[in-house]
Visitor: 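This is the structure I want to talk about, given as structure tokens.
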Amino acid sequence: MNKRKRYIKSCEVSEIINVNLGGYEQKILVEGKSKNLPVVVCLHGGPGSPVPFSVGCRGLFPEWTSEAIMVFWDQLGCGINNHKIDDSFHISSFVDMTCDLIVAIKERFPQNKLFLFGLSWGSILALESALRVPEKLDGAFVYGQFIKNNFFSEEVLSAFSAAPAKVRLRVEEIVKTGGDCEYKVLDNNLKTLYKNMNKYTGAYFNKDAKPIKIGKIVMGLITSPDYSFKDFKAVVKNGYQGNQSLWRELLNINLADSLKEVQVPYLMFQGDTDIVTSTSSVVKAAEVCGNAKVTVKTLKNSGHMPSDKAMEEMFSALCEFIK
């Protein structure tokens with residue numbers, strides 16, 4: 001804890017700022033060892049899952065904040081910015097907020113290079129924002145790019161080829177049902193699919209690799225100088241409970257054509273066993289788009305959630321990217 005406090009004190013930039021995003025006042029963490037470093041705006045996954053990077057992470061990732069001024073945002077509805085996300089909120093609502101954040105950060109650091117870093121759901125916000133405000137950005141990199149819904153596909157069925165017959169039949173039923181059904185049925189099917197993917201496939205977590213150190217992150221949030229216990233609880237149980245509009249949109253989205261329009265360097269990292277944001281689909285979309293700005297790097301022994309080694313590889317690649 002003392003080491004963390006000393007590091008925070010040593011940073012030229014380390015503060016919580018209040019920014020109006022999409023009409024809502026929200027708290028943002030801005031932290032970097034030097035005020036002259038490139039700036040990286042982090043867009044977490046979920047929707048509504050501010051891990052590993054969140055407003056509660058001040059002083060927790062010196063390896064990152066020594067290389068860049070990191071902007072950590074708990075997207076509206078979770079963490080320190082908990083708020084009920086009813087069905088009036090759509091993907092475009094969060095793209096609007098992301099663009100507002102980009103503009104605000106660029107005004108704060110007009111001379112610094114500015115990049116986006118999106119994870120899973122955050123990759124949607126990164127791609128859409130890169131199309132809206134390319135003049136504010138120097139590039140974007142993502143892990144687990146969401147191109148289109150892959151939950152109900154032959155690729156998912158194939159991943160369960162070695163699973164017990166009972167499980168395979170249940171997965172086949174879920175895939176056949178698809179996303180056009182009553183939301184309670186859909187929600188239950190997605191939870192069942194998630195549970196079985198974790199148990200029988202490497203879709204989310206690669207079973208042959210060391211996972212990222214979640215314990216360190218959780219303890220870091222509990223002891224955060226900026227998080228209350230209420231904020232900590234809202235990392236998991238938050239304003240997204242009961243929202244249907246975002247998942248309905250996610251299951252119908254297709255961003256393949258958006259890759260053709262990207263005007264800034266756009267680097268996509270993918271785990272080689274990821275079938276949640278299907279790596280094979282992302283690689284194909286990147287090839288078909290014909291855009292030299294768009295590239296893909298596949299990381300071995302990593303699923304939709306990056307392994308410990310994948311995080312190290314990604315960090316090294318990102319350091320080169322932003323320089």
Visitor: Grab the two heavy atoms, one from Pro306 and one from Ile212, that are nearest each other, plus how far apart they are.
Guide: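 The pair with the smallest heavy-atom distance is O-CG2, 3.2 Å.
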
Visitor: Run the numbers on Ser54 and His44 for side-chain hydrogen bond (donor to acceptor under 3.5 Å, both in side chains), then give the verdict.
Guide: CA-CA 8 Å; Ser54 71; His44 63 68; over 6 Å; no

Visitor: Do Val40 and Leu137 land in one hydrophobic cluster if side-chain heavy atoms of ILVMFWY residues count as linked below 4.5 Å?
Guide: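 No; Leu137 is not reachable from Val40 via cluster members.
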
Visitor: With a 3.5 Å distance limit and no angle check, can you tell me whether Asn196 reaches the backbone of Val167 through a side-chain donor-acceptor pair?
Guide: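 The answer is no, because no donor-acceptor pair under 3.5 Å joins these two groups.
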
Visitor: One pair to check against side-chain contact (heavy atoms from CB on, under 4.5 Å): Leu259 and Met268. What are the steps and the verdict?
Guide: CA-CA 11 Å; Leu259 292 177; Met268 299 182 289; 4.3 Å; yes

Visitor: For Gly179, is there any backbone N or O sitting under 3.5 Å from a side-chain donor or acceptor partner on Arg248?
Guide: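 A pair under 3.5 Å: yes.
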
Visitor: Got a salt bridge between Lys9 and Glu31, using NZ or NE/NH1/NH2 to carboxylate O under 4.0 Å?
Guide: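 Answer for the salt bridge query: no.
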
Visitor: Would you please say whether a donor-acceptor pair under 3.5 Å links the side chains of Ser228 and Asp231?
Guide: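 There is such a pair (donor and acceptor under 3.5 Å, judged by atom type) between the side chains of Ser228 and Asp231.
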
Visitor: Grouping I, L, V, M, F, W and Y whenever their side-chain heavy atoms are under 4.5 Å apart, do Leu116 and Tyr143 come out in a common cluster?
Guide: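 Not linked; separate clusters.
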
Visitor: Is Val276 close to Phe146 at the side-chain level, that is, under 4.5 Å between some pair of heavy atoms?
Guide: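 Side chain of Phe146 against side chain of Val276, heavy atoms only: no contact under 4.5 Å found.
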
Visitor: Counting heavy atoms not belonging to Asn254, are there more than 12 under 6.0 Å from its CG?
Guide: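 More than 12 heavy atoms, drawn from other residues, nucleotides or ligands, come within 6.0 Å of this atom.
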
Visitor: Can you see which heavy atom on Pro47 is nearest to which on Leu250, and at what distance?
Guide: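 Taking Pro47 first and Leu250 second, the nearest heavy atoms are CD-CD1, 4.0 Å.
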
Visitor: What closest approach, in Å, do Ser153 and Val175 show between heavy atoms, and which atom pair accounts for it?
Guide: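 Looking at all heavy atoms of both residues, the shortest contact is N-CG1, 3.8 Å.
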
Visitor: Hey, does the side chain of Asn291 reach the backbone of Val262 with a donor-acceptor pair shorter than 3.5 angstrom?
Guide: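 Yes; judged by distance alone, with no hydrogens or angles, the pair exists.
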
Visitor: Measure the shortest side-chain to side-chain distance between Leu157 and Glu172 over non-hydrogen atoms and say whether it is less than 4.5 angstrom.
Guide: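 Touching, per the 4.5 Å side-chain cut-off.
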
Visitor: Okay, side chain of Asp272, backbone of Ser302: is any donor-acceptor separation there less than 3.5 Å?
Guide: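 Checking the backbone N and O of Ser302 against the side chain of Asp272, a donor-acceptor pair under 3.5 Å is found.
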
Visitor: Do Val103 and Leu131 sit in one hydrophobic cluster, given that two such residues count as connected whenever their side-chain heavy atoms are within less than 4.5 Å of each other, even indirectly?
Guide: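 Val103 does not cluster with Leu131.
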
Visitor: Less than 4.5 Å apart, any side-chain heavy atom of Val39 and any of Val71?
Guide: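 A side-chain contact under 4.5 Å exists here.
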
Visitor: Any link between Val282 and Met314 through a network of hydrophobic side chains (Ile, Leu, Val, Met, Phe, Trp, Tyr) touching at under 4.5 Å?
Guide: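 Unlinked, Val282 and Met314 end up in two clusters.
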
Visitor: Report yes if some heavy atom in the side chain of Trp73 is under 4.5 Å from a heavy atom in the side chain of Val55; otherwise report no.
Guide: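 Trp73 does not reach Val55 side chain to side chain.
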
Visitor: Taking atom NZ of Lys233 as the centre, does the number of heavy atoms from other residues, nucleotides or ligands within less than 6.0 Å exceed 12?
Guide: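 No, the 6.0 Å shell around NZ holds no more than 12 heavy atoms from other groups.
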
Visitor: Considering non-hydrogen atoms only, spot the tightest contact between Val133 and Cys99 and give its length.
Guide: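 The pair with the smallest heavy-atom distance is CG2-SG, 4.3 Å.
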
Visitor: Rounded to the nearest 0.5 Å, how far apart are CH2 of Trp121 and CD1 of Ile124?
Guide: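 It is 6.0 Å, given to the nearest 0.5 Å.
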
Visitor: Answer yes when Glu173 and Arg170 have at least one side-chain N-carboxylate O distance shorter than 4.0 Å, and no when they do not.
Guide: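 Between Arg170 and Glu173 there is a salt bridge, with a charged N closer than 4.0 Å to a carboxylate O.
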
Visitor: Please work out which of the three classes, parallel, tilted or perpendicular, describes the rings of Trp64 and Phe53, given edges at 30° and 60°.
Guide: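 Geometry flag for Trp64 against Phe53: perpendicular rings.
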
Visitor: side-chain hydrogen bond (donor to acceptor under 3.5 Å, both in side chains) between Thr223 and Arg4: does it pass, once the steps are laid out?
Guide: CA-CA 10 Å; Thr223 57; Arg4 184 177 181 180; 3.2 Å; yes

Visitor: Out of the candidates Ile85, Leu101, Leu125, Asn81, only one should pair with Gln75 under the side chain to side chain contact (heavy atoms under 4.5 Å, CB included) rule; please name it.
Guide: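 Filter result, single survivor: Leu125.
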
Visitor: Could you go through the side-chain contact (heavy atoms from CB on, under 4.5 Å) check for Ile69 and Asn112 one step at a time?
Guide: CA-CA 9 Å; Ile69 297 171; Asn112 304 52; 3.8 Å; yes

Visitor: Do the non-hydrogen side-chain atoms of Gln145 and Gln270 ever get within less than 4.5 Å of each other?
Guide: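 Side chain of Gln145 against side chain of Gln270, heavy atoms only: contact under 4.5 Å found.
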
Visitor: Just verifying a value: how many Å separate Cys289 SG and Leu255 CG, rounded to the nearest 0.5 Å?
Guide: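 Separation between the atoms: 12.5 Å.
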
Visitor: Applying salt bridge (Lys or Arg N to Asp or Glu O under 4.0 Å), name anything that partners Asp187, two or more places apart in sequence or on another chain.
Guide: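 Only Lys191 meet the salt bridge (Lys or Arg N to Asp or Glu O under 4.0 Å) criterion with Asp187.
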
Visitor: I'd like to know whether Lys33 forms a side-chain hydrogen bond (donor to acceptor under 3.5 Å, both in side chains) with Ser10, so could you lay out the CA-CA distance, the side-chain angles of the two residues, the decisive distance to 0.1 Å, and finally the verdict.
Guide: CA-CA 7 Å; Lys33 189 71 173 176; Ser10 74; 2.6 Å; yes

Visitor: Using a 3.5 Å distance criterion without hydrogens, assess whether the side chain of Ser224 forms a donor-acceptor pair with backbone atoms of Gly56.
Guide: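 Such a contact is found between Ser224 side chain and Gly56 backbone.
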
Visitor: With Phe151, which of Ile275, Val156, Leu190 fulfils side chain to side chain contact (heavy atoms under 4.5 Å, CB included)?
Guide: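 Single side chain to side chain contact (heavy atoms under 4.5 Å, CB included) partner of Phe151 among Ile275, Val156, Leu190: Leu190.
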
Visitor: Once you round to the nearest 0.5 Å, how far does CD1 of Ile147 lie from CG of Asp257?
Guide: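 Rounded to the nearest 0.5 Å, the CD1-CG separation comes out at 10.0 Å.
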
Visitor: Answer yes or no: does atom CD of Glu135 have more than 12 heavy-atom neighbours from other residues, nucleotides or ligands under 6.0 Å?
Guide: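 Yes, enclosed.
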
Visitor: Answer yes if Phe269 and Phe115 sit in the same cluster of Ile, Leu, Val, Met, Phe, Trp and Tyr residues linked by side chain heavy atoms under 4.5 Å apart, and no otherwise.
Guide: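 Yes: a chain of side-chain contacts under 4.5 Å links Phe269 to Phe115.
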
Visitor: Is it the case that the side chain of Asn82 and the backbone of Gly239 share a donor-acceptor pair, with hydrogens and angles ignored and the cut-off at 3.5 Å?
Guide: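 Pair found, side chain donor or acceptor close to backbone of Gly239.
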
Visitor: Would you check if the side chain of Ser14 reaches a backbone N or O of Cys11 as a donor-acceptor pair within less than 3.5 Å?
Guide: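 No, Ser14 side chain to Cys11 backbone: no donor-acceptor pair under 3.5 Å.
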
Visitor: In sequence, state the C-alpha distance, the side-chain angles, and the governing distance for Val41 and Phe117, and then conclude on side-chain contact (heavy atoms from CB on, under 4.5 Å).
Guide: CA-CA 6 Å; Val41 175; Phe117 178 28; over 6 Å; no

Visitor: After noting the C-alpha distance and the side-chain angles of Ile17 and Arg108, does the key distance pass the side-chain contact (heavy atoms from CB on, under 4.5 Å) rule?
Guide: CA-CA 11 Å; Ile17 62 174; Arg108 199 175 189 87; 3.4 Å; yes

Visitor: Quick check against the 3.5 Å criterion: does Asp308 have a side-chain atom that pairs as donor or acceptor with the backbone of Met311?
Guide: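 Side chain of Asp308 to backbone of Met311: no pair is present.
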
Visitor: Which residue, His304, Lys284, Lys148, Glu155, forms the side chain to side chain donor-acceptor pair (under 3.5 Å) with Ser278?
Guide: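 The passing option is Glu155.
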
Visitor: Do Leu114 and Ile105 come within less than 4.5 Å of each other through their side chains, counting heavy atoms only?
Guide: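 Yes - at least one pair of side-chain heavy atoms lies under 4.5 Å apart.
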
Visitor: If you round to the nearest 0.5 Å, how far is NZ of Lys213 from CE of Met219?
Guide: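 Answer rounded to 0.5 Å: 15.5 Å.
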
Visitor: Is the shortest heavy-atom distance from the side chain of Tyr240 to the side chain of Cys78 under 4.5 Å?
Guide: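 Counting from C-beta outward, Tyr240 and Cys78 do come under 4.5 Å.
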
Visitor: Report the distance from atom OG1 of Thr273 to atom CG of Asn301, rounding to the nearest 0.5 Å.
Guide: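 Output value for this atom pair is 7.5 Å.
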
Visitor: CG of Asp138 to CZ of Phe321: how many Å apart, nearest 0.5 Å?
Guide: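 Going from the CG atom of Asp138 to the CZ atom of Phe321 covers 9.0 Å.
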
Visitor: Is there a side-chain contact between Phe94 and Leu43 in this structure, where contact means two heavy atoms from C-beta onward sitting under 4.5 Å apart?
Guide: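 Not touching, per the 4.5 Å side-chain cut-off.
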
Visitor: Would you check, one step at a time, whether the test ring-ring contact (aromatic ring centres under 6.0 Å, His included) holds for Tyr204 with Tyr194?
Guide: CA-CA 8 Å; Tyr204 281 96; Tyr194 172 77; 4.6 Å; yes

Visitor: Quick one: salt bridge (Lys or Arg N to Asp or Glu O under 4.0 Å) pairs with a partner in residues 47-76, sequence neighbours left out?
Guide: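 Matches after skipping sequence neighbours: Arg58-Asp226, Glu67-Lys323.
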
Visitor: Do Ser93 and Asp96 meet the criterion of a side-chain donor-acceptor pair at a distance under 3.5 Å?
Guide: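 Not at all, the side chains of Ser93 and Asp96 share no donor-acceptor pair under 3.5 Å.
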
